[in-house]
*Asks:* 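Attaching a single structure in structure tokens format; questions to follow.
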Amino acid sequence: MRILDKYILKELMGPFFFGIAAFSSIFIASSMLYKLTQYMTKYGASIESLFQLFLYSLPEVINYTFPMSMLLASLLAMGRLSASSEITAMKSGGISFARIAAPVLVVGFVVSLFSVVWAEKVVPASKVAYTHILNYEIKHDTKPRSQEHVVIKSLSGDNLSRLTYARSFDEETGMMKDITIEEFEHGELSRIQKAKTAEWRDGAWFMQDGSVFTVTSDGINQSLHFIEQVLPITVTPKEITLDQKEPDEMTLNELQEYIHILEAQYLPTNKYWMEIYMRFSIPMASFFFALVGVPLGLQPQRASSSIGLGISIIVIFVYYAIMTLTSGLGRGGALPPLLAAIIPNALCLIAGIWLMRKKSQ
């Protein structure tokens, strides 16, 4: 690595980690502390439970701060180099603006890749743990629930052996309706069972009025119709309730499985596709923010750090306002989910390329 790259990276990393701490603090102070205080006064939550909630909420907060911090870091780093005329000296030495910007863009891309992994491996698990502590340890919410689009997975080792879907489920009555069961052998779909209802009694689920279909290489063939038979799962109604997840609590594989089930039932899936695309769109914003931040950071004034902070707040506000609008349209079906997820980053890309070309001239 050249001395120039090391020098620019040194200028970049300090503001980047400062941005993570600063923006995380803003998130915590603006909403999280209020919620924690409310849980303490309303539900009598213990300090231990509140501390656990605080820890489990941090991964999602940090994931949102990666792009913000990358923007702030690129603005402040390039602003300081510009204010002390070091950018001018580099150009005088024959170094192009694109070469000067390259280390910042590489760091932005690396942060984006890390954020994608973080959003997949850390955030969903922390959200599940947060929800469990909030509902069952703090709120003591143990009342029976009714849910729609329930999915139950059965594993054989690490492989999926059975996927059970119910259009509706009522824990109190122990009833499921419109059940579809897909059974797998060696990773291939081998049998499908459908039933109008299933009832929990005597420690087992009993399906009524259903059919069994075998799946072969020639297609799907109906094999038999039954009046009643035992559903091949052993989970209790309470366990089903505990096992259900919101879209932001699912991994990408779980989201894809859920979408596959809903599509087979001809149900809308925009919300879940939007969640998948946002798992990539938000992390990739770190790279596009770096692309915008580098040319915007070139300020001749020595007060460029305050200017950089102000510019970063404006850019962040505009970006997340557009993202909120387009993601809402995508979830509601007014826009294709992929397009809705791409628009904010596409606008950043266009603005970044235009600014980079302008500053390179």
*Asks:* Checking side chain to side chain donor-acceptor pair (under 3.5 Å) for the pair E182/Q193: CA distance, chi angles, key distance, verdict?
*Replies:* CA-CA 7 Å; E182 296 182 350; Q193 298 186 58; over 6 Å; no

*Asks:* Start with the C-alpha gap between R191 and F213, add the side-chain angles, then the distance that decides, and say whether side chain to side chain contact (heavy atoms under 4.5 Å, CB included) holds.
*Replies:* CA-CA 6 Å; R191 189 166 65 165; F213 304 86; 6.0 Å; no

*Asks:* Is E148 salt-bridged to R167, cutoff N-O under 4.0 Å?
*Replies:*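 Between R167 and E148 there is no salt bridge, as every charged N stays at least 4.0 Å from the carboxylate O atoms.
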
*Asks:* Are side-chain N/O atoms of T180 and K194 paired as donor and acceptor at under 3.5 Å?
*Replies:*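 K194 and T180 do have a side-chain donor-acceptor pair below 3.5 Å.
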
*Asks:* Locate the shortest heavy-atom distance separating L50 from L36; write the atom from each residue and the value.
*Replies:*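 Of all heavy-atom pairs spanning L50 and L36, the closest is CD2-O, 3.6 Å.
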
*Asks:* Going through the checks in order, is the side chain to side chain contact (heavy atoms under 4.5 Å, CB included) test met by I240 and E171?
*Replies:* CA-CA 8 Å; I240 292 175; E171 181 188 338; over 6 Å; no

*Asks:* Any side-chain heavy atom of E254 sitting closer than 4.5 Å to one from Y258?
*Replies:*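 With C-beta onward as the side chain, the pair stays apart.
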
*Asks:* Please check: side-chain N/O of W118 versus main-chain N/O of V123, any donor-acceptor pairing under 3.5 Å?
*Replies:*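 Judged by distance alone, no pair lies under 3.5 Å.
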
*Asks:* Could you walk me through whether Y7 and E86 pass side chain to side chain donor-acceptor pair (under 3.5 Å), step by step?
*Replies:* CA-CA 11 Å; Y7 184 69; E86 293 182 63; 2.6 Å; yes

*Asks:* Just so I know, are the side chains of S190 and V215 near enough to count as touching, which here means a heavy-atom distance under 4.5 Å?
*Replies:*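 No, too far: nothing below the 4.5 Å cut-off.
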
*Asks:* Can any side-chain N or O of T269 pair as donor or acceptor with the backbone N or O of Y272 at less than 3.5 Å?
*Replies:*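 Judged by distance alone, no pair lies under 3.5 Å.
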
*Asks:* Are I227 and I181 linked, directly or through intermediate hydrophobic residues, by side-chain heavy-atom contacts shorter than 4.5 Å (ILVMFWY only)?
*Replies:*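 Result: no, two separate clusters.
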
*Asks:* Going from NZ on K139 to OH on Y39, what distance comes out if it is rounded to the nearest 0.5 angstrom?
*Replies:*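 Between atom NZ of K139 and atom OH of Y39 there are 5.5 Å.
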
*Asks:* For residues 20-32, which residue pairs pass the salt bridge (Lys or Arg N to Asp or Glu O under 4.0 Å) check, not counting sequence neighbours?
*Replies:*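 Matches after skipping sequence neighbours: none remain.
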
*Asks:* Quick check for you: to the nearest 0.5 Å, what is the distance between I343 atom CD1 and L335 atom CG?
*Replies:*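 So the CD1 of I343 and the CG of L335 are separated by 5.5 Å.
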
*Asks:* Would you check if F226 and D209 make a side-chain contact, meaning some heavy-atom pair closer than 4.5 Å?
*Replies:*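 Sidechains of D209 and F226: no contact.
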
*Asks:* For the residue pair N63 and S115, what are the closest heavy atoms and their distance?
*Replies:*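 The pair with the smallest heavy-atom distance is OD1-OG, 2.9 Å.
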
*Asks:* What orientation do Y277 and W273 show, parallel under 30°, tilted 30 to 60°, or perpendicular over 60°?
*Replies:*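 Ring orientation of Y277 relative to W273: parallel.
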
*Asks:* Please tell me if the side chains of F97 and K91 come closer than 4.5 Å, counting only heavy atoms from C-beta onward.
*Replies:*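 Yes; the side chains approach each other to less than 4.5 Å.
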
*Asks:* In the hydrophobic clustering that connects Ile, Leu, Val, Met, Phe, Trp and Tyr at side-chain heavy-atom distances below 4.5 Å, which members other than F206 occupy its cluster, ordered by chain and number?
*Replies:*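 Cluster partners of F206: V230.
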
*Asks:* Within the 4.5 Å heavy-atom criterion, are R162 and P232 side-chain neighbours or not?
*Replies:*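 Yes, their side chains come closer than 4.5 Å.
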
*Asks:* Do you know which of P344, S281, P337 makes side chain to side chain contact (heavy atoms under 4.5 Å, CB included) with T326?
*Replies:*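 When P344, S281, P337 are each tested with T326, the side chain to side chain contact (heavy atoms under 4.5 Å, CB included) holds only for P344.
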
*Asks:* Which heavy atom in L262 sits nearest to a heavy atom in P268, and how many Å separate them?
*Replies:*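 Closest pair (atom of L262, atom of P268, distance): CD1-O, 3.9 Å.
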
*Asks:* Do L134 and L53 touch side chain to side chain, with heavy atoms closer than 4.5 Å?
*Replies:*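 Counting from C-beta outward, L134 and L53 do come under 4.5 Å.
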
*Asks:* Any side-chain donor paired with an acceptor under 3.5 Å for D178 and Y165?
*Replies:*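 Per modelled atom types, D178 and Y165 side chains form no pair under 3.5 Å.
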
*Asks:* Less than 4.5 Å apart, any side-chain heavy atom of S24 and any of I62?
*Replies:*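 SC-SC contact between S24 and I62 confirmed.
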
*Asks:* Nearest 0.5 Å please: distance from the CD1 atom of I282 over to the OH atom of Y320.
*Replies:*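 Between atom CD1 of I282 and atom OH of Y320 there are 6.0 Å.
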
*Asks:* Under the side chain to side chain contact (heavy atoms under 4.5 Å, CB included) rule, what do I100 and I8 come out as? Steps first, then yes or no, please.
*Replies:* CA-CA 8 Å; I100 297 171; I8 294 176; 4.0 Å; yes

*Asks:* Considering residues at least two apart in sequence or located in another chain, which fulfil the side-chain hydrogen bond (donor to acceptor under 3.5 Å, both in side chains) criterion with S46?
*Replies:*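 Result, side-chain hydrogen bond (donor to acceptor under 3.5 Å, both in side chains) vs S46: S49.
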
*Asks:* Decide yes or no for L291 and L355: does some side-chain heavy atom of the first lie under 4.5 Å from some side-chain heavy atom of the second?
*Replies:*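 Counting from C-beta outward, L291 and L355 never come under 4.5 Å.
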
*Asks:* Identify the heavy atoms of F289 and M68 that sit nearest to each other, and give their distance.
*Replies:*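 Here F289 and M68 meet closest at CD2-N, 4.1 Å.
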
*Asks:* Should D5 and R99 count as an ion pair when the cut-off is N to O under 4.0 Å?
*Replies:*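 Result for this pair is yes, salt bridge flagged.
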
*Asks:* Determine which pairs satisfy salt bridge (Lys or Arg N to Asp or Glu O under 4.0 Å) with at least one residue from residues 272-298, sequence neighbours left out, and list them in order.
*Replies:*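 Every salt bridge (Lys or Arg N to Asp or Glu O under 4.0 Å) pair that includes a residue of residues 272-298, provided the two are not neighbours, is E120-R279, E275-R279, E275-R331.
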
*Asks:* Looking at every non-hydrogen atom in both residues, tell me the closest pair between F66 and S286 and how far apart they are.
*Replies:*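 Nearest heavy atoms, F66 then S286: C-OG, 3.6 Å.
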
*Asks:* Strictly under 6.0 Å, is that where the ring centroids of Y64 and F23 end up?
*Replies:*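 They do not qualify: ring centres at least 6.0 Å apart.
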
*Asks:* Ignoring hydrogens, what is the shortest heavy-atom contact between G330 and M274? Give both atom names and the distance.
*Replies:*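 It is CA-SD, 3.9 Å.
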
*Asks:* Using the salt bridge (Lys or Arg N to Asp or Glu O under 4.0 Å) rule, collect all pairs that involve residues 38-66, keeping only residues at least two apart or in two chains.
*Replies:*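 Every salt bridge (Lys or Arg N to Asp or Glu O under 4.0 Å) pair that includes a residue of residues 38-66, provided the two are not neighbours, is E60-K127.
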
*Asks:* Can you classify the ring geometry of H132 versus Y136 as parallel (below 30°), tilted (30 to 60°) or perpendicular (above 60°)?
*Replies:*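 Answer is tilted, since the angle falls between 30° and 60°.
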
*Asks:* Under the salt bridge (Lys or Arg N to Asp or Glu O under 4.0 Å) rule, what pairs show up with a residue in residues 21-38, not counting sequence neighbours?
*Replies:*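 For residues 21-38: none.
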
*Asks:* Working note: L224 + S211, criterion side chain to side chain contact (heavy atoms under 4.5 Å, CB included); need CA distance, chi angles, decisive distance, verdict.
*Replies:* CA-CA 6 Å; L224 61 89; S211 301; over 6 Å; no

*Asks:* In plain terms, say whether E228 and R201 are close enough for a salt bridge, that is, a side-chain N and a carboxylate O under 4.0 Å apart.
*Replies:*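 Salt bridge: yes.
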
